[in-house]
Amino acid sequence: TTQQILPTGFTALEYIESTGTQYIDTGIWIQKDTTAKLDMSAELLPTGWFGANAFLQLYITSAHYAILSGSNPYVKIKPGNLDTIVLDYDSNKVLNLYINGNFIQKTSWNTLTATQSKFYVFALGNYDGNVFTAGHSPIKGKVYSIKLSVNNTLVRNFIPARRNSDGKIGMYDTVTNTFFTNSGTGEFIGGPVVNLYLPTGE
């Protein structure tokens with residue numbers, strides 16, 4: 001016997017896509033021991049940033065992923081290629097980047113002391129909690145899933161979804177049972193419908 005992951009009234013999608021003006025406010029303020037794991041693909045786009053300023057910040061161009069540090073080792077990507085990215089802001093205030101299970105780099109400083117920043121999907125959170133724009137975000141791309149954890153406790157588990165009542169596209173969080181929609185302009189593009197099930201009781 002199985003049960004659907006999403007509640008009645010929502011349809012799971014393979015991904016949601018931003019055209020460069022849509023983003024989601026996760027409501028999570030970054031602190032030590034915060035980890036973001038996301039499955040995403042970047043499209044051909046100008047240089048952009050994603051996440052939370054400094055703390056969980058992914059630097060994206062049309063050909064590379066990186067986090068900003070003194071050395072800036074880039075990881076070449078193919079536009080549209082699905083990648084699993086982990087941004088780990090550890091207990092020592094070091095930001096570590098992993099791509100497809102491989103450790104890539106960490107910040108060249110270990111005392112990130114700026115005020116907290118909020119994590120955004122497709123956009124970069126500024127130190128005041130708002131979106132940092134200045135031509136750097138939102139980005140164009142697709143997000144297939146996002147998990148945010150604090151102190152090894154899952155605080156957001158985002159699944160791309162469509163709200164059936166009005167066709168609104170966003171991400172459903174199974175931790176808080178909340179549907180998160182676009183905080184920017186325009187509308188997300190929804191991917192193909194997928195069937196997500198869990199064994200009953202889980």
Side-chain angles (χ1 to χ4, degrees), residues 5-7 10 12-16 18 23-42 49-60 65-69 75 82-107 109-127 129 131-132 137-139 141-161 170-181 183 194 196-199 201-202:
I5 291 179
L6 298 184
F10 293 90
L13 305 175
E14 184 179 1
Y15 58 81
I16 63 170
S18 172
Y23 60 90
I24 287 177
D25 179 352
T26 68
I28 296 298
W29 290 82
I30 305 306
Q31 54 189 287
K32 290 190 299 181
D33 292 312
T34 301
T35 301
K37 180 180 180 181
L38 50 138
D39 294 317
M40 67 171 290
S41 62
W49 297 328
F50 180 111
N53 211 337
F55 305 101
L56 288 178
Q57 178 175 310
L58 183 66
Y59 177 70
I60 304 171
Y65 288 139
I67 55 175
L68 295 180
S69 68
V75 175
L82 179 60
D83 294 298
T84 297
I85 298 168
V86 174
L87 292 163
D88 175 46
Y89 182 50
D90 67 23
S91 59
N92 294 316
K93 295 186 177 180
V94 174
L95 175 56
N96 304 280
L97 172 65
Y98 302 81
I99 298 180
N100 298 326
N102 300 309
F103 174 74
I104 305 301
Q105 66 176 123
K106 63 182 180 180
T107 50
W109 60 94
N110 61 2
T111 53
L112 293 172
T113 56
T115 55
Q116 286 185 320
S117 181
K118 195 187 293 184
F119 190 88
Y120 287 86
V121 181
F122 293 113
L124 180 67
N126 210 348
Y127 293 126
V131 168
F132 179 72
S137 70
I139 66 165
K142 299 174 182 176
V143 168
Y144 295 74
S145 69
I146 292 185
K147 296 179 185 292
L148 290 172
S149 300
V150 178
N151 292 319
N152 296 316
T153 298
L154 189 65
V155 294
R156 293 287 187 273
N157 180 34
F158 285 117
I159 295 174
M171 300 198 86
Y172 191 92
D173 173 36
T174 63
V175 177
T176 62
N177 293 316
T178 303
F179 186 54
F180 288 73
T181 57
S183 294
V194 293
L196 297 178
Y197 295 95
L198 282 178
E202 292 191 11

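Everything numeric here is computed off the predicted structure, so don't read it as measured data.
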Within this structure, what is the [atom1]-[atom2] distance for the pair [X] and [Y], rounded to the nearest 0.5 Å?
X      : Y      : atom1 : atom2 : result
Ile16  : Lys142 : CD1   : NZ    : 12.0 Å
Ile30  : Tyr89  : CD1   : OH    : 9.5 Å
Lys37  : Ile146 : NZ    : CD1   : 12.5 Å
Phe119 : Leu124 : CZ    : CG    : 9.5 Å
Leu148 : Thr34  : CG    : OG1   : 8.5 Å
Asn100 : Asp83  : CG    : CG    : 4.5 Å

Ser149 and its side chain to side chain contact (heavy atoms under 4.5 Å, CB included) partner, picked from Ile28, Leu154, Val155: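 With Ser149 as partner, Ile28, Leu154, Val155 yield a single side chain to side chain contact (heavy atoms under 4.5 Å, CB included), made by Leu154.
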
Option among Thr84, Val86, Thr35, Ile85 that satisfies the side chain to side chain contact (heavy atoms under 4.5 Å, CB included) test with Tyr98: Val86

Qualifying residues under side-chain contact (heavy atoms from CB on, under 4.5 Å), relative to Asn126, sequence neighbours excluded: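 Once residues adjacent in sequence are excluded, the partners of Asn126 under the side-chain contact (heavy atoms from CB on, under 4.5 Å) criterion are Asn53, Asp128, Phe132.
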
Donor-acceptor pair, side chain of Asp90 and main chain of Asn92, under 3.5 angstrom: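 Yes.
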
Heavy-atom donor-acceptor pair, Ser18 side chain to Ile139 backbone, under 3.5 Å: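 Yes.
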
Salt bridge (charged side-chain N to carboxylate O under 4.0 Å, His left out) against Asp88, all qualifying residues, sequence neighbours excluded: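 Expected list: none.
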
To check you understand the geometry: which heavy-atom pair defines the closest contact between [X] and [Y], and what is its length?
X      : Y      : value
Asp25  : Lys118 : OD1-CD, 2.8 Å
Thr176 : Arg156 : CG2-NH1, 3.6 Å
Pro160 : Glu14  : CG-O, 4.1 Å
Gly170 : Phe179 : N-CZ, 3.5 Å

Residue pair Lys147 / Asn157, side-chain donor-acceptor N/O under 3.5 Å: yes

Flag for Asp39-Ser145: side-chain donor and acceptor within less than 3.5 Å: yes

Greater than 12 external heavy atoms within 6.0 Å of Asn177's CG: yes

ring-ring contact (aromatic ring centres under 6.0 Å, His included), paired with Phe180, selected from Tyr172, Phe158, Phe10, Tyr120: Phe158

